[in-house]
Amino acid sequence: MHLILAVAPDPVVADTNPVVRWLTVFASALGVIIAVRGLRRIPSWILLMSGTKAAATVTKVEIRGSNGERRPMRRPFVAFTTADGRQVTTSPAFYRPRCAKAAGEAVEVRYDARKPERVAVGGFDFQARELVPVAAGILLTVVSVSWSFGH
């Protein structure tokens, strides 16, 4: 017994199937959103690479949302002296679910010489896993766009 298929346009070609076309548009937009959301910490990463280095001490770890929330967020406050002798106590711009830094611990910071309140704390502000969603978003966008143009 032989199965005979009728000749029909390819159902996965984006030009002939509007559902496939919309799925590729959705996948591309989702990829861009994932990548942009992952890149929101670029200012801290740039500061870690190019900021002025200083030795600092963690003065306290701020905990936000600990009153009944599932996952409280934390960030360290650090005190350091700038290259021109100013004493600064500040914290990174964002929180994390965990903070491996403890009050009294010595850390290295990188700060913006023009605005020393902008600080990046070594071991807190960058985690390699933050690059995974960026790479996944870019990959999803490139694959979906190249697939839609290839078909």
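Remember, predicted model here, so these are calculated numbers, not experimental data. In what follows, every heavy atom counts, from backbone to side chain, and hydrogens, waters and symmetry copies are set aside.
- Once rounded to the nearest 0.5 Å, the distance linking CD1 of Ile33 with CZ of Phe26 reads 8.0 Å.
- The minimum heavy-atom distance between Met49 and Arg110, with the atom names listed, is O-NH1, 4.1 Å.
- Note that OG of Ser91 is 8.5 Å distant from NZ of Lys60, once rounded to the nearest 0.5 Å.
- For the atom pair CD1 of Ile63 and CZ of Arg75, the computed distance is 12.5 Å after rounding to the nearest 0.5 Å.
- Hydrophobic clustering (ILVMFWY, side-chain heavy atoms < 4.5 Å, transitive): Leu47 and Val109 are in distinct clusters.
- When each of Val107, Thr90, Thr89 is paired with Phe80, the side-chain contact (heavy atoms from CB on, under 4.5 Å) condition holds for Thr90 and for no other.
- Closest non-hydrogen pair, Val61 versus Ala103, comes out as CG2-N, 4.4 Å.
- Hydrophobic clustering, with ILVMFWY side chains joined whenever heavy atoms are under 4.5 angstrom apart, keeps Ile34 apart from Leu23.
- With hydrophobic clusters built from ILVMFWY side chains whose heavy atoms lie under 4.5 angstrom apart, Val88 shares a cluster with Tyr111.
- Exactly one of Val142, Val143, Thr141 qualifies for a side-chain contact (heavy atoms from CB on, under 4.5 Å) with Leu139. That residue is Val143.
- Without hydrogens or angle criteria, Thr59 side chain to Phe77 main chain gives a donor-acceptor distance under 3.5 Å.
- Across all non-hydrogen atoms, the minimal contact from Pro92 to Pro76 is CD-O, 3.2 Å.
- Atoms OG1 and CZ, from Thr52 and Arg114 in turn, are 10.0 Å apart once rounded to the nearest 0.5 Å.
- In this structure, Pro116 and Arg86 approach most closely via the heavy-atom pair CG-NH2, 3.4 Å.
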